[in-house]
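Step one of this worksheet: look at the structure below.
Only this structure's heavy atoms are used, side chains among them; waters, hydrogens and symmetry mates stay out.
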Amino acid sequence: MSVHYNKIEKTYYKITDYGREILDNWRTSLDDEIHVVKDEFILKLYFIHNSKDPSIPLMLNTQLSKRKQKLKHLEDRMNQVFPNKTIIESNYGHYLILKHAISRESEYVKWIQEALEELPKK
């Protein structure tokens, strides 16, 4: 019995000059809007009306754990993708996005830690 394998043909795409023009116009256009970031955790907090609500510590600690994991992942990714300045220069937009994400998660972790410290003591 013999088995024959067919090699899958690959399709390659190339952006047209017109497509490049559209992309460049979009990339350099200014956006007047500040887009809303949806965060279900924040929405849930909105509906807590009392600092003694028993669900708060678990909610905050669970979110803190998740955010710390995400922050570690982003920091590891930064070290992996951008180990030196030469690579940063050739992928500067990606670097800025990753730096922003690390900053955002760092601030989120700090905010949750402060919220936990402010909770009333039992």
If every non-hydrogen atom of [X] is compared with every non-hydrogen atom of [Y], which pair is closest and at what distance?
X     : Y      : answer
Ile56 : Ser51  : CD1-O, 3.8 Å
Pro57 : Leu119 : CG-CD1, 4.0 Å
Ser55 : Ile48  : OG-CD1, 4.2 Å

Hey, are the side chains of Leu60 and Phe41 touching, using non-hydrogen atoms and a 4.5 Å cut-off?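 A side-chain contact exists here, since the closest heavy-atom pair is under 4.5 Å.
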
Is Val109 reachable from Ile42 through a run of hydrophobic residues whose side-chain heavy atoms are each under 4.5 Å from the next? yes

Could you work out, with side chain to side chain donor-acceptor pair (under 3.5 Å) as the rule, every residue matching Lys68, not counting sequence neighbours?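 Partners of Lys68 by the side chain to side chain donor-acceptor pair (under 3.5 Å) criterion come out as none, since no residue qualifies.
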
Decide, yes or no, whether a salt bridge links Asp39 with Arg67 under the criterion of side-chain N to carboxylate O below 4.0 Å. yes

Checking side-chain contact (heavy atoms from CB on, under 4.5 Å) for the pair His73/Lys70: CA distance, chi angles, key distance, verdict? CA-CA 5 Å; His73 168 76; Lys70 187 171 183 179; 5.6 Å; no

Mind checking the [atom1]-[atom2] spacing from [X] to [Y]? Nearest 0.5 Å is all I need.
X      : Y      : atom1 : atom2 : value
Glu75  : Met78  : CD    : CE    : 9.0 Å
Asn61  : Ile112 : CG    : CD1   : 9.0 Å
Leu116 : Leu64  : CG    : CG    : 6.5 Å
Trp111 : Gln63  : CH2   : CD    : 8.0 Å

Contacts of type salt bridge (Lys or Arg N to Asp or Glu O under 4.0 Å), residue Glu40, not counting sequence neighbours: Lys44

Suppose the criterion is salt bridge (Lys or Arg N to Asp or Glu O under 4.0 Å): which pairs have a residue in residues 76-88, not counting sequence neighbours?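 Residue pairs passing salt bridge (Lys or Arg N to Asp or Glu O under 4.0 Å), neighbours aside: Lys72-Asp76.
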
Residue pairs, two or more places apart or on separate chains, that pass salt bridge (Lys or Arg N to Asp or Glu O under 4.0 Å) and touch residues 15-25: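 Found Asp24-Arg27.
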
Pairs where residues 17-36 contributes a residue and the test ring-ring contact (aromatic ring centres under 6.0 Å, His included) is met, not counting sequence neighbours: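 Counting only pairs at least two positions apart or across chains, no ring-ring contact (aromatic ring centres under 6.0 Å, His included) contact touches residues 17-36.
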
Do any side-chain atoms of residues 88-103 form donor-acceptor pairs under 3.5 angstrom with protein atoms, and if so which ones, sequence neighbours left out?
residue	atom	partner	partner atom	Å
Ser90	OG	Ile87	O	3.1
Asn91	ND2	Ile87	O	3.4

Is it the case that over 12 heavy atoms from other parts of the model lie below 6.0 angstrom from the CG atom of Asp31?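 Yes, CG of Asp31 has more than 12 neighbouring heavy atoms, counting only those of other groups under 6.0 Å.
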
